[in-house]
Amino acid sequence: MKAWTWLREHAVLFTGILVIFYMLAPIAIIALFSFNDPVGRFNFEWAGFTTQYWQHPFAVTELTDSLLVSIRLAFMTAIGATILGTLIAIALVRYQFLGRRAANLLIVIPMATPEVVIGASLLSMFLVYGAKLGFGTLLIAHIMFSISFVVVVVRSRLIGFDRRLEEASADLGASAFTTFRTITLPLIAPGVASAAMLSFALSIDDFVISNFNAGSEVTFPLYIFGANQRGIPVEVNVIATMLFTVTIIAMLAVIIQQRRAEKMAEKREEEATSSVASLPA
Amino acid sequence: MESSVDAPPVDGEEGTSVGAGTAGVRLEGVTKRFGTFEAVKDMDLEIADGEFFTMLGPSGCGKTTTLRMIAGFEQPTEGKVLIDGDNVAGQPAYKRPTNTVFQSYALFPHMNLEENVGFGLKRKKVGKAEIKKRVADELERVGLSRDAKRKPAQLSGGQQQRVALARALVNLPKVLLLDEPLGALDLKLRKGLQVQLKTIQRDVGITFVYVTHDQEEALTMSDRIAVMNAGRIEQCAGPEDVYERPETTFVAGFIGVSNLLPAVATGPNEVKLDSGETIPTGDASRFSSGDRCYAVVRPEKLTATTSGVAPSDRPSIDGVVETSLYLGNSTQMTVDVGNDVKMKVLIPNASEAERQDLPGGGSRVKLSWTAENMHLVRESPEEAAGADPIDPTDNNTEGVTK
């Protein structure tokens with residue numbers, strides 16, 4: 001009876017653990033199988049423990065090459081999409097112009113369109129214009145579908161922005177450009193940074209659209225998809241685990257830094273309120 | 001700049017240290033339209049060099065719009081804005097020799113106090129060493145030297161407001177514009193900062209253009225006050241004039257509590273109340289015989305005596321006490337004088353015995369005053385033209401006075 005009560009009281013906890021397990025199990029398996037020593041071409045059955053693939057994670061040249069292509073592509077996509085998306089967001093939030101409402105709506109359409117459709121349409125467009133498929137077309141495609149996300153993220157940051165700060169800056173003698181550089185940009189920087197990270201992640205992850213427009217270029221997801229037909233090398237697991245670890249560490253760093261900033265702010269606030277009464281004569 | 005707040009200002013000393021850099025402001029026929037809405041209507045205004053000038057009025061009267069046109073955040077639809085004799089209409093804010101203190105402070109959250117205050121000087125390409133010195137001096141003036149490395153979010157509202165003031169003053173603007181700078185602060189802090197602001201203004205001698213909806217604040221600090229209503233200046237004069245000699249029903253009602261008696265001017269110093277009495281007044285010269293007007297007398301200028309015993313040399317009217325409110329330092333009586341006109345009377349609570357003697361509700365009383373304490377005002381143009389004429393029984397003051 002007592003046990004039953006205890007179980008009932010902790011039902012939420014158990015459910016939570018089960019859900020988290022459900023979400024994380026595949027990732028755990030990938031990490032686990034990076035230490036597998038498979039028999040044959042397929043790394044699906046546990047055959048024995050080894051660290052040999054961790055010692056030489058970049059031994060498979062095609063895999064390493066595809067990873068480098070993906071990183072380069074994601075990096076350039078992040079830069080291109082962030083610049084264009086931020087400028088679009090500023091235009092949409094700050095300026096009144098003909099078709100602004102329509103543009104606000106149209107900008108989210110790529111997010112809602114099935115990737116297969118975008119991929120196929122881009123391909124036919126590239127073919128119409130006779131563009132040579134490869135890194136260039138991939139970059140154009142990736143920037144194109146990332147822009148919407150950048151716009152949405154930066155726009156929300158801009159909407160909460162106090163315009164009086166820009167007026168104050170102008171009032172103190174700063175031209176429009178100086179105001180943007182010294183006031184607006186630093187203040188929307190967190191939004192811009194998360195938009196850049198988001199587009200990096202979107203690009204490095206993309207398979208469907210890339211599959212249409214890559215030509216002979218092989219990105220990391222395309223390589224894995226191809227390798228799947230013949231048997232995935234264990235190095236894929238190793239690299240995937242590495243990427244995952246790096247991401248987790250980065251996220252933790254951000255969280256810790258935010259906690260610290262919050263604590264500092266709280267402390268200062270207390271100090272500030274305690275010194276309110278100290279008006280100068 | 002040289003003298004600091006700590007040096008006690010000498011009362012009555014005028015233009016003590018008017019720097020060569022300050023200037024007057026002139027508006028000529030300025031109109032500002034937002035779509036079809038006319039926020040400011042054909043305004044002419046002259047603000048003298050070194051003056052503490054206040055634009056006072058309810059929200060939506062156009063005072064902030066006027067200030068923003070001087071600052072350059074808005075451009076006038078018509079007319080000229082002259083600063084130091086130069087027409088700056090059309091010039092953007094960053095080119096104008098003005099600085100603004102915002103109600104919301106508008107401090108840059110990502111910069112510490114030093115960087116905030118030094119922002120304007122940096123834009124003017126002032127040398128690093130000089131910036132450092134002037135910023136330090138300015139923070140000293142507002143008593144925040146210790147906090148130079150702090151971020152605005154770490155300060156209280158009052159401290160932030162002082163930083164905003166320092167950030168503007170450090171640039172030695174020709175004109176300093178203040179947009180309800182104390183509006184967001186609590187009463188006690190506001191009183192302290194009012195005195196400080198006035199002291200600083202006398203000290204630096206810069207022209208201050210101050211916007212507020214708080215009549216008491218305006219009366220305390222200003223050299224001159226422009227009382228605004230519906231995009232127009234109803235009266236522009238010194239605090240005493242505005243309070244003691246209002247020109248329109250709006251001014252009389254907005255500043256303090258006023259008793260408005262509808263009347264017709266009958267002579268140079270005489271008026272016939274709608275209730276029938278013909279009484280002497282102070283200044284009827286602005287009206288010609290037969291003009292419609294209102295006779296205004298302030299509550300504290302009235303004496304209430306039990307019927308029949310009013311001094312015969314004083315003008316008076318009869319009425320019935322409706323309510324009597326104990327306000328602590330005074331007692332406020334509402335007296336019905338007929339024709340739907342109710343008069344407020346303010347009697348100081350000088351002695352307890354006297355207070356006990358005051359006529360209670362229902363008593364017949366005679367309200368009397370000295371002739372020079374009654375003024376004639378014309379009806380405010382907006383109210384005359386509007387579909388909703390003012391109700392003099394309400395004294396047009398509820399909600400705007402405290």
Side-chain angles (χ1 to χ4, degrees), chain A residues 94-98 100 154 157-194 257-281, chain B residues 5-6 8 68 71-73 92-111 115-116 118-125 140-144 146-147 150-151 153-160 162 164 167-168 170-171 173 177 179 188-189 192-193 195-196 199:
Chain A
R94 289 301 168 75
Y95 298 97
Q96 294 293 332
F97 52 88
L98 195 70
R100 190 180 77 106
V154 176
R157 183 91 194 173
L158 274 169
I159 286 171
F161 189 94
D162 182 6
R163 292 296 302 273
R164 296 264 158 168
L165 296 177
E166 286 169 355
E167 285 189 348
S169 168
D171 186 65
L172 292 163
S175 63
F177 179 72
T178 309
T179 298
F180 180 75
R181 189 172 54 79
T182 57
I183 306 296
T184 317
L185 199 55
L187 287 173
I188 62 168
V192 175
S194 37
Q257 204 263 330
Q258 267 176 353
R259 286 254 173 90
R260 195 179 295 165
E262 271 167 31
K263 258 188 199 157
M264 294 259 277
E266 259 172 48
K267 214 168 114 194
R268 286 162 185 165
E269 206 152 288
E270 278 164 27
E271 281 176 41
T273 41
S274 64
S275 63
V276 172
S278 61
L279 268 174
Chain B
V5 191
D6 304 319
R68 289 172 61 80
F73 303 135
Y94 74 93
K95 287 190 177 159
R96 297 194 185 187
T98 58
N99 284 119
T100 307
V101 178
F102 296 85
Q103 177 176 10
S104 56
Y105 319 133
L107 298 177
F108 307 131
H110 58 303
M111 298 180 186
E115 291 162 336
N116 261 286
F119 189 86
L121 295 176
K122 207 167 159 187
R123 302 283 87 77
K124 281 189 197 159
K125 308 255 184 283
E140 171 105 47
R141 184 211 292 282
V142 296
L144 288 167
R146 282 189 314 132
D147 305 296
R150 292 188 163 202
K151 292 274 177 69
Q154 298 166 239
L155 303 180
S156 68
Q159 289 172 323
Q160 289 189 29
R162 272 142 62 197
R167 185 178 67 177
V170 76
N171 307 295
L177 308 169
D179 185 8
K188 208 176 159 192
L189 203 53
L193 283 170
V195 177
Q196 233 189 320
T199 314

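Within every chain, numbering begins at 1; the chains are lettered A, B, ... in the order of the sequence lines, protein sequences first and strands thereafter.
For B:Arg167, the parts lying near chain A are the backbone and the side chain together; criterion is any non-hydrogen pair under 4.5 Å. In this structure, chain A has no heavy atom under 4.5 Å from any part of B:Leu121. The contact between A:Ser175 and chain B is made by backbone and side chain atoms together, counting heavy-atom distances below 4.5 Å. Of the atoms belonging to A:Leu187, it is side-chain heavy atoms, and not backbone ones, that fall under 4.5 Å from chain B. Within the 4.5 angstrom heavy-atom criterion, only side-chain atoms of B:Ser104, from C-beta onward, approach chain A. Contact of A:Thr179 with chain B is not made at all, since no heavy-atom distance falls under 4.5 Å. When heavy atoms are compared at a cutoff of 4.5 Å, B:Asn99 approaches chain A by way of both its backbone and its side chain.
With a 6.0 Å radius and a threshold of 12 heavy atoms from other residues, nucleotides or ligands, A:Ile159 has its CD1 atom above the threshold.
Taking chain A as the reference chain and counting heavy-atom pairs below 4.5 Å, the highest number among B:Ala93, B:Ala71, B:Gly72 is found for B:Ala93.
Put simply, the side chain of B:Asn116 gets close to the backbone of B:Met111: a donor and an acceptor are under 3.5 Å apart. No donor-acceptor pair closer than 3.5 Å links the side chain of A:Arg157 to the backbone N or O of A:Ala189.
B:Leu144 and B:Gln159 get closest at one heavy-atom pair: CD1-O, 3.5 Å.
A:Glu167 contributes atom CD, which lies 4.0 Å from atom CZ of B:Arg68 (distance to the nearest 0.5 angstrom).
In this structure, B:Arg123 is positioned above the aromatic face of B:Phe119, its NZ or CZ under 6.0 Å from the six-membered ring centre and within 45° of the axis.
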